[in-house]
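Let me begin by presenting the structure, written as structure tokens, before commenting on it.
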Amino acid sequence: MRFALSFVMLAGCNKEPAKKQDPSGLTRMHTPAPSIAQPSKPPPRPEKLAYVTIKAIGMYCEETCPMKVRYALADIKDVYELGFDVANESIFVSYDATLGPAKKVTAPMIAAIKSAGFDPWLSKEEWPADASTQVVLR
């Protein structure tokens, strides 16, 4: 059984590139060009940004916790910048200040963070001076 499976796997990996007939009558090897993903462009910077700190109890791991929050907030277009302070279980978010008061604008963000498994709430309508963030690319 293993031999048959190995044979099938090797046969599938042993494909030759497609041959293409050139108008000059020569046969040339044609390999499709690899698709290159275009890097996302940053969204336009709003005229005035509002800054909030969201506390998220349970966000204590260095790598996976911020990744979970990033995925949870990926569909929320209001987020402009996003940063983390895992040691203090804090998330730093900036958004367009013209969208309204922080409590209203952050409500969907808090719901998304909660669905990612954390216990979030709006802590402050500011960031600490040493907050490190990155613009969210879409």
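Computation of the quantities below employed the complete heavy-atom set of this structure, encompassing side-chain atoms and omitting hydrogens, waters and symmetry-equivalent molecules.
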Heavy-atom distance under 4.5 Å between the side chains of [X] and [Y], does that happen here?
| X | Y | result |
| --- | --- | --- |
| Lys55 | Asp119 | no |
| Met109 | Leu73 | yes |
| Pro43 | Val136 | no |

Ignoring hydrogens, what is the shortest heavy-atom contact between [X] and [Y]? Give both atom names and the distance.
| X | Y | value |
| --- | --- | --- |
| Phe92 | Pro128 | CE2-CD, 3.3 Å |
| Pro108 | Ile76 | O-CD1, 3.4 Å |
| Pro66 | Phe84 | O-CZ, 3.6 Å |

From [X] [atom1] over to [Y] [atom2], what is the distance, rounded to the nearest 0.5 angstrom?
| X | Y | atom1 | atom2 | answer |
| --- | --- | --- | --- | --- |
| Ile54 | Trp121 | CD1 | CH2 | 11.0 Å |
| Met59 | Thr64 | CE | OG1 | 10.5 Å |
| Leu99 | Thr106 | CG | OG1 | 11.5 Å |
| Lys103 | Ile110 | NZ | CD1 | 9.0 Å |
| Met67 | Cys61 | CE | SG | 8.5 Å |
| Thr53 | Glu125 | OG1 | CD | 10.0 Å |

Indicate yes or no for a side-chain donor-acceptor contact from Ser94 to the backbone of Glu81 under 3.5 Å, with no hydrogens or angles considered.
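Yes, the answer is positive, given that a donor and an acceptor are paired below the 3.5 Å cut-off.
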Would a distance-only check, ignoring hydrogens and angles, find a side-chain to backbone donor-acceptor pair under 3.5 Å from Glu89 to Gly58?
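Checking the backbone N and O of Gly58 against the side chain of Glu89, a donor-acceptor pair under 3.5 Å is found.
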Only one of Thr133, Leu49, Val52 passes side chain to side chain contact (heavy atoms under 4.5 Å, CB included) with Val93; say which it is.
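The passing option is Val52.
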For the hydrophobic clusters of this structure (ILVMFWY residues joined by side-chain heavy atoms under 4.5 Å, transitively), does one cluster hold both Tyr71 and Val79?
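Result: no, two separate clusters.
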side-chain contact (heavy atoms from CB on, under 4.5 Å) between Tyr80 and Asp96, worked out
CA-CA 7 Å; Tyr80 180 72; Asp96 186 348; over 6 Å; no
